[in-house]
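Within every chain, numbering begins at 1; the chains are lettered A, B, ... in the order of the sequence lines, protein sequences first and strands thereafter. These numbers come from a predicted model, not from an experiment. Reckoned from all heavy atoms, side chains included, excluding hydrogens, waters and symmetry mates.
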There are 2 protein chains.
Amino acid sequence: MSTNRITIKDIAKKLDCTPSTVSRALAGNTRVSLKTRNLVKKTAVEMGYRPNAIASALRKGKVDTIGMIVPRINRYFFSNVISGVEDILNPAGYNLVICQSNENEYKEQKAVQTLLQNQVGGILISLSVETNNYEHLNSIIASGTPLVQFDRVNLNIESPIVINNNFEGAYLATEYLIKQGYKNIGHFGGNPKIMAYSERYNGYIKAMNTYNMNINDKLIKFDTITQETGSSELIRFFNDNEIDALFCSSDFAALGALEALNKMKVDIPSEFGIIGFANEPFTKLISPKLSSVEQNSFKLGRTAAIALLNSIDNKPVETNQTVDVEFIPRQSSNKSI
Amino acid sequence: MSTNRITIKDIAKKLDCTPSTVSRALAGNTRVSLKTRNLVKKTAVEMGYRPNAIASALRKGKVDTIGMIVPRINRYFFSNVISGVEDILNPAGYNLVICQSNENEYKEQKAVQTLLQNQVGGILISLSVETNNYEHLNSIIASGTPLVQFDRVNLNIESPIVINNNFEGAYLATEYLIKQGYKNIGHFGGNPKIMAYSERYNGYIKAMNTYNMNINDKLIKFDTITQETGSSELIRFFNDNEIDALFCSSDFAALGALEALNKMKVDIPSEFGIIGFANEPFTKLISPKLSSVEQNSFKLGRTAAIALLNSIDNKPVETNQTVDVEFIPRQSSNKSI
DNA sequence: CTGTTAGCGCATTCAC
DNA sequence: GTGAATGCGCTAACAG
């Protein structure tokens, strides 16, 4: 397959010097005379030399690649986090390798295994909702590979963590519904094992309590973060319960609920208020526009990447960082009666 | 950093045999007795052995990693292509590494360089719109690394190509507008250097000619694929020209145009018909729902991955494959007068 | 400023 | 069925 690749040996032979000199020259080592350095570099280009990163990594025992594992690549939130991570990593000379777990525990374990086998310099991970067993995270730590968890994290694992202020976002959203005059406010949450979701739930509860609102367990449903479940769950309990507002931990669940309400001819926002979470681009495209919580995902990505680089360089790392969120009011929650 | 990693040497020492035997046993070589094989495997697990993929790759001169370069990760189309690629690659024992070019030629070149340096077993690429120089593609070929281009391809580069039937999709969309009775149909295209876009343009022209429609160059605008340009370009020529319909090569441009029209109180679809391309999820969420062209991106990803695997295995590869598209009529193009 | 030597961890050829 | 020896391409310690 691969045509005979040019190595530093070939360059050395041509220039009648040793591979060491070539290696040093290419690395810009000033112990090599400027003249030789330039000559080597020029010849390398002429001969079409491409360094073998594999060999270099094996020798140096480390690699300039960082691995990142996310549940889904096609979420506004995650793709922005990725961009934020790249914004830090690329200038620092690292390459980012992205793996999708597709919310599947097995794929997540496989991804960890692959990254460790490839000796990545560090790993950034946001857990799949399905993940129940955390042995793969321990094996990252056992391997000595720096690890940073972000967004969907497990606190029992020893690693720096970067998360949004999910509690605050949920609190603000719920408070907004309350102040708009909605009376029976329900909640669609994610899997409470995941801290991001439990915190949103906690923020919701806190706001409800602060304003002496009645909390009805029947109006609270976990594991409801997709469009499908958002729609079906709303239909399932809308007719049997008094409910006039919903704070969803996911824009997609909110979208599903909103569509179901539209079909039932329930007017939003006059009869029903609804708020999502994540500020997906579609939130401002649908009708009515969906209120949501912006997570500053780009900044979160930068923060996580910086934490990882510090961890790699053995610099001090704040173990627990929080990125601010912002409530974005739109039509879906502005009671206009 | 990395704690002393267990190697086959350590296992050999413990079992009082040689690294060769361990290596063979781990690889399942039948020349090693079943008993030894099992013992080695068991001990490897017990000792927490993790194979060093780097060393293995250096030795074998190849790597079980495939590189993929896409302009943007957060496009419905691309993220689905990625899933399709994974659907083929993972079962085949390959790992996928994804790089974003962000539509930037330099980042694309850098990504190619990184992948080649990491000796990936093959590369899948969809070109950035900005890319003008194709030397990096030639260097992939020169390195002997199998290459497959998909979607945004350059025909002058010697490689298998997998694309959508863009011509057909554009033809069907334009034909639909014509049959709905729209008279002055414009076109927002992408960069015609990119075949995907030139073919959509060609399909538009073909439909217009087939039905003896008047083609007005003033109503055709290239490099208009973002929401912003879609909006600004529409505003720029709407008032000065007779135009009552638009076929856009991008859903985002169509969205921008649609928003501008909404603001100008132009009724869609009675006064103006509009169709996009790619069937982004938001197309069915906005109001009015946007007609578009579904590209079967998952299938396209599978097709491209299969082509690459065949190319890696030196099996015959169809050099030029086309994946069907489907026109999805929605409200934005159904003239209901 | 440059050469010599050694070895990263693994897979493979050649022995026996 | 197993061991010994070699080298993938590169870098780094040690000389000089």
Check: His136(A)/Glu108(A) side-chain N/O donor and acceptor closer than 3.5 Å: yes

Between Lys193(B) and Asn154(B), a side-chain donor and acceptor under 3.5 Å: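 Side chains of Lys193(B) and Asn154(B): no pair found under 3.5 Å.
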
[N] [atom2] sits how many Å from [X] [atom1], rounded?
X         : N       : atom1 : atom2 : result
Ile11(B)  : dA11(C) : CD1   : P     : 11 Å
Gln119(A) : dC10(C) : CD    : P     : 9 Å
Ile54(A)  : dC10(C) : CD1   : P     : 14 Å
Leu39(A)  : dC1(C)  : CG    : P     : 15 Å
Arg37(B)  : dG1(D)  : CZ    : P     : 9 Å
Leu58(A)  : dC10(C) : CG    : C1'   : 8 Å
Arg31(A)  : dT2(C)  : CZ    : P     : 11 Å
Lys60(A)  : dG9(D)  : NZ    : C1'   : 13 Å

N/O donor-acceptor pair under 3.5 Å between Glu105(B) side chain and Asn133(B) backbone: yes

Polar side-chain atom of Tyr49(A) near backbone of Glu46(A) as donor-acceptor pair, under 3.5 Å: no

Give the nucleotide from the list [options] with an atom nearest to the side chain of [X].
X        : options                   : answer
Cys17(B) : dG3(D), dC8(D), dC10(D)   : dG3(D)
Arg24(A) : dA13(D), dC14(C), dC10(D) : dA13(D)
Arg59(B) : dT2(C), dC8(C), dG7(D)    : dG7(D)
Val32(B) : dC10(D), dT2(D), dC10(C)  : dT2(D)
Ser33(B) : dT2(D), dT2(C), dC10(D)   : dT2(D)
Ala55(A) : dC10(D), dT4(C), dT12(C)  : dC10(D)
Ile8(B)  : dT4(C), dC10(C), dA15(C)  : dC10(C)
Ser23(B) : dT2(D), dA11(C), dG3(C)   : dA11(C)
Ser56(B) : dC14(D), dA11(C), dC8(D)  : dA11(C)

Greater than 12 external heavy atoms within 6.0 Å of Tyr106(A)'s OH: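 Result for OH/Tyr106(A): open.
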
dA11(C) base / Ser20(B) side chain donor-acceptor hit below 3.5 Å: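 Looking at the base of dA11(C), it does not pair with any donor or acceptor on the side chain of Ser20(B) (distance under 3.5 Å).
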
Sugar-phosphate only, base, or nothing, as touched by Thr21(B) at under 4.0 Å among non-hydrogen atoms: sugar-phosphate

